[in-house]
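Everything numeric in this text was worked out from a predicted model, so none of it was measured.
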Amino acid sequence: MEAAAGQGERPTPPPLPLGVRLQLAGLTAAIDAVERSDGTVNRCLYSVIDRLLSARANPRPDGSGVRSYDFTIDASRGIWARVFAPVSSAVPLPVVVYYHGGGFALFSPAIGPFNGVCRRLCSDVGAVVVSVNYRLAPEHRYPAAYDDGVDALRFIDDAGGVPGLGDGVPVDLASCFLTGESAGANIVHHVASRWAAEHLHAAKSLRLAGIIPVQPYFGGEERTESELRLEGVAPVVNLERSDFSWKAFLPVGATRDHPAAHVTDENAELAEDFPPTLLVVGGFDPLQDWQRRYADVLRRKGVKVQVAEYPDGFHGFYGFPAVADAGKVFQEMKAFVESNRVAPVKSTAR
């Protein structure tokens with residue numbers, strides 16, 4: 001890597017608790033075991049890992065008062081969602097639609113870390129969370145994940161609420177937010193842009209009040225300074241794994257400059273009425289240069305953007321409760337939701 005050698009001294013990784021280091025080692029080992037160099041996934045081995053890492057929905061509330069259950073969106077495509085909600089609420093709650101990470105090719109809402117993130121979103125942000133299971137690449141390439149993400153919003157809008165909640169937990173669909181990390185945050189951007197361009201004015205009651213892309217997976221043919229500087233040092237993301245994700249997801253023969261990946265140029269596809277954005281960036285994430293360029297493009301196009309920077313944040317750090325900054329991310333999310341939601345109409349009943 002001659003290019004990397006020209007980036008100066010290799011940075012020192014931030015100190016992490018032993019448990020987090022072990023979790024990261026296990027996660028990256030599992031990813032490398034199932035991803036093949038030809039852009040395919042060993043689904044037989046993956047199914048074993050998936051069962052080991054998955055958690056079932058639990059209708060009984062946990063210690064923070066959060067219960068969970070699943071509902072089907074489109075059985076023919078295997079699209080479903082896991083809901084995280086309190087047992088009851090005296091006021092309408094905002095809805096957060098969540099898209100999990102996994103390089104477009106791996107995982108589901110049932111995977112333990114994502115299940116945990118959504119529980120914290122529900123309890124810390126004070127929202128009903130709908131975690132969407134979208135189709136995975138390479139069996140389902142671009143734009144399948146984006147189609148499924150939009151269809152999940154349409155399903156909720158057509159239903160006039162979140163299926164299965166019951167009357168004890170009212171929701172405020174005019175205060176709907178999208179969030180997710182990594183590939184899920186990439187999906188957040190594209191779903192929000194498509195919703196603004198194609199569905200905003202036809203929607204019955206669902207309004208996107210804001211999006212929260214956490215360390216979104218963007219890229220291009222260029223190798224950025226942060227990608228080179230952190231190669232072989234930062235956990236989870238490296239050039240080989242990133243190249244696999246794009247090879248698996250993008251149309252056959254497409255380069256990484258495809259607009260699904262390379263959304264940081266002036267010609268980026270961005271609809272009018274794009275919602276306010278809270279972008280989370282980690283200083284130990286190789287993708288941070290792409291993420292900051294994304295924020296710059298949004299600003300130049302007139303989008304209200306807030307960037308939350310975490311200098312020691314590695315890719316996906318907020319999903320590890322033992323990392324000190326993880327809690328701060330949820331606090332930022334709560335403040336963003338509260339400042340951008342539409343105040344629910346107060347009941348006039350006597």
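Closest non-hydrogen pair, A209 versus N340, comes out as CB-O, 3.6 Å. Between W290 and G220, the shortest heavy-atom distance links the atoms CZ2-N, 3.4 Å. Counting all heavy atoms, side chain and backbone alike, A152 lies closest to V132 at CB-CG2, 3.8 Å. When all heavy atoms of S242 and V237 are compared, the pair lying nearest together is OG-CG1, 3.6 Å. The two residues G39 and P138 come nearest to each other via the heavy atoms O-CG, 3.3 Å. Minimum interatomic distance between A105 and L136 (heavy atoms only, all atoms of both residues): O-CD1, 3.5 Å.
Atom CZ of F114 is separated from atom CZ of R82 by 13.0 Å, given to the nearest 0.5 angstrom. The distance from the CG atom of L173 to the NZ atom of K204 is 11.5 Å, given to the nearest 0.5 Å. Here CG of D70 is found 7.0 Å from OG of S68. Values are rounded to the nearest 0.5 Å. Separation of atoms CZ (R341) and CG (L93) is listed at 7.0 Å; rounding is to 0.5 Å. Between the NE2 atom in H315 and the CD atom in Q288 there is a gap of 12.0 Å [rounded to 0.5 Å]. Atom CG of L279 is separated from atom CG of L298 by 8.0 Å, given to the nearest 0.5 angstrom.
Under the 4.5 Å side-chain heavy-atom criterion for Ile, Leu, Val, Met, Phe, Trp and Tyr, L208 and V305 are members of the same hydrophobic cluster. Side-chain heavy atoms closer than 4.5 Å link hydrophobic residues (I, L, V, M, F, W, Y) into clusters, and following such links, possibly through other members, connects F336 to V303. L27 and L45 fall within the same hydrophobic cluster, defined by Ile, Leu, Val, Met, Phe, Trp and Tyr side-chain heavy atoms under 4.5 Å apart, directly or through other members.
Between V95 and F177 the shortest side-chain heavy-atom distance does not fall below 4.5 Å. Between F284 and P11, the closest side-chain pair of non-hydrogen atoms falls below 4.5 Å. Contact annotation: the side chain of T277 never approaches that of K304 to less than 4.5 Å [non-hydrogen atoms, C-beta and beyond]. Residues C118 and P109 form no side-chain contact, since every pair of their non-hydrogen atoms from C-beta on lies 4.5 Å or further apart. Contact check for V214 versus T179: side-chain heavy atoms found under the 4.5 Å cut-off. The closest side-chain heavy-atom distance from D172 to P94 is not below 4.5 Å. N42 has its side chain within reach of R36: a pair of non-hydrogen atoms, C-beta onward, lies under 4.5 Å apart. Within the 4.5 Å cutoff, the side chain of L153 has heavy atoms near those of the W195 side chain.
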- Output, in order, the C-alpha distance, side-chain angles, deciding distance and verdict of side-chain contact (heavy atoms from CB on, under 4.5 Å) for V130 and F84. CA-CA 7 Å; V130 180; F84 300 81; over 6 Å; no
- Query: Can you list the steps and then say if L24 with F320 is a side-chain contact (heavy atoms from CB on, under 4.5 Å)?
  - Reply: CA-CA 10 Å; L24 289 171; F320 297 84; 3.6 Å; yes
- Query: Would R120 and Y318 satisfy side-chain contact (heavy atoms from CB on, under 4.5 Å), going step by step from the backbone distance to the final call?
  - Reply: CA-CA 10 Å; R120 289 199 69 178; Y318 88 128; over 6 Å; no
- Query: Passes side-chain hydrogen bond (donor to acceptor under 3.5 Å, both in side chains), Y98 versus E181? Steps please.
  - Reply: CA-CA 9 Å; Y98 173 88; E181 73 286 307; 2.7 Å; yes
- Start with the C-alpha distance between E35 and E240, add both sets of side-chain angles, then the distance that settles side-chain contact (heavy atoms from CB on, under 4.5 Å), and finish with yes or no. CA-CA 10 Å; E35 293 182 347; E240 182 179 0; over 6 Å; no
- Message: Working note: H100 + Y134, criterion ring pair (Phe, Tyr, Trp, His ring centres under 6.0 Å); need CA distance, chi angles, decisive distance, verdict.
- Response: CA-CA 9 Å; H100 65 81; Y134 52 86; 4.4 Å; yes
- Task: Determine, stepwise, if the pair D32 / R241 fulfils salt bridge (charged side-chain N to carboxylate O under 4.0 Å, His left out).
- Result: CA-CA 8 Å; D32 291 340; R241 294 186 191 114; 2.8 Å; yes
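The number of heavy-atom neighbours closer than 6.0 Å to CG of D38, taken from other residues, nucleotides and ligands shown, is above 12. Within 6.0 Å of CD in E309 there are more than 12 heavy atoms belonging to other residues, nucleotides or ligands. The number of heavy-atom neighbours closer than 6.0 Å to CZ of R154, taken from other residues, nucleotides and ligands shown, is 12 or below.
Scored by the side-chain contact (heavy atoms from CB on, under 4.5 Å) test, A25 finds no partners at all (sequence neighbours excluded). For the side-chain contact (heavy atoms from CB on, under 4.5 Å) test, residues two or more places apart in sequence or in another chain that qualify with L53 are I49, I111.
Between R43 and E139, at least one side-chain N (NZ, or NE/NH1/NH2) sits under 4.0 Å from a carboxylate O, which counts as a salt bridge. Between R256 and D243 there is a salt bridge, since a side-chain N of the basic residue sits under 4.0 Å from a carboxylate O of the acidic one. We find that E227 and R223 are not joined by a salt bridge, their nearest charged nitrogen and carboxylate oxygen being 4.0 Å or further apart. We find that R77 and D147 are not joined by a salt bridge, their nearest charged nitrogen and carboxylate oxygen being 4.0 Å or further apart. For K334 and D124, the salt-bridge test fails: no basic side-chain N is under 4.0 Å from an acidic carboxylate O.
Each of R299, R293, R300 was compared with D296 under the side-chain hydrogen bond (donor to acceptor under 3.5 Å, both in side chains) criterion, and only R299 meets it. Among F249, F104, Y146, F274, the single residue meeting the ring pair (Phe, Tyr, Trp, His ring centres under 6.0 Å) criterion with H190 is Y146.
The backbone N or O of R135 sits less than 3.5 Å from a side-chain atom of D148, completing a donor-acceptor pair. Using a distance-only test at 3.5 Å, with no hydrogens or angles considered, a donor-acceptor pair links the side chain of S89 to the main chain of V91. In terms of modelled atom types and a separation under 3.5 Å, the side chain of T72 and the main chain of D74 share no donor-acceptor contact. S88 places no side-chain N or O within 3.5 Å of a backbone atom of G168 that could act as its donor or acceptor partner. R207 places a side-chain N or O within 3.5 Å of a backbone atom of A174 that can act as its donor or acceptor partner. Side chain of D325 to backbone of K328: no donor-acceptor contact under 3.5 angstrom is found. With hydrogens and angles disregarded, a donor-acceptor distance shorter than 3.5 Å links the side chain of R21 to the backbone of L16. At least one donor-acceptor pair closer than 3.5 Å links the side chain of D157 to the backbone N or O of L206. Of the possible polar contacts, one joining the K247 side chain to the S37 backbone as a donor-acceptor pair under 3.5 Å is found. The backbone N or O of P14 sits nowhere less than 3.5 Å from a side-chain atom of D312 that would complete a donor-acceptor pair.
For the ring-ring contact (aromatic ring centres under 6.0 Å, His included) condition, the pairs that include at least one residue of residues 19-76, sequence neighbours left out, are F71-F155.
Classification of the H189-Y294 ring pair by plane angle, with boundaries at 30° and 60°, yields perpendicular.
With no hydrogens or angles considered, no side-chain donor-acceptor pair links Y217 and Q291 at under 3.5 Å.
If you look at H258 and W246, their ring centroids are not closer than 6.0 Å.
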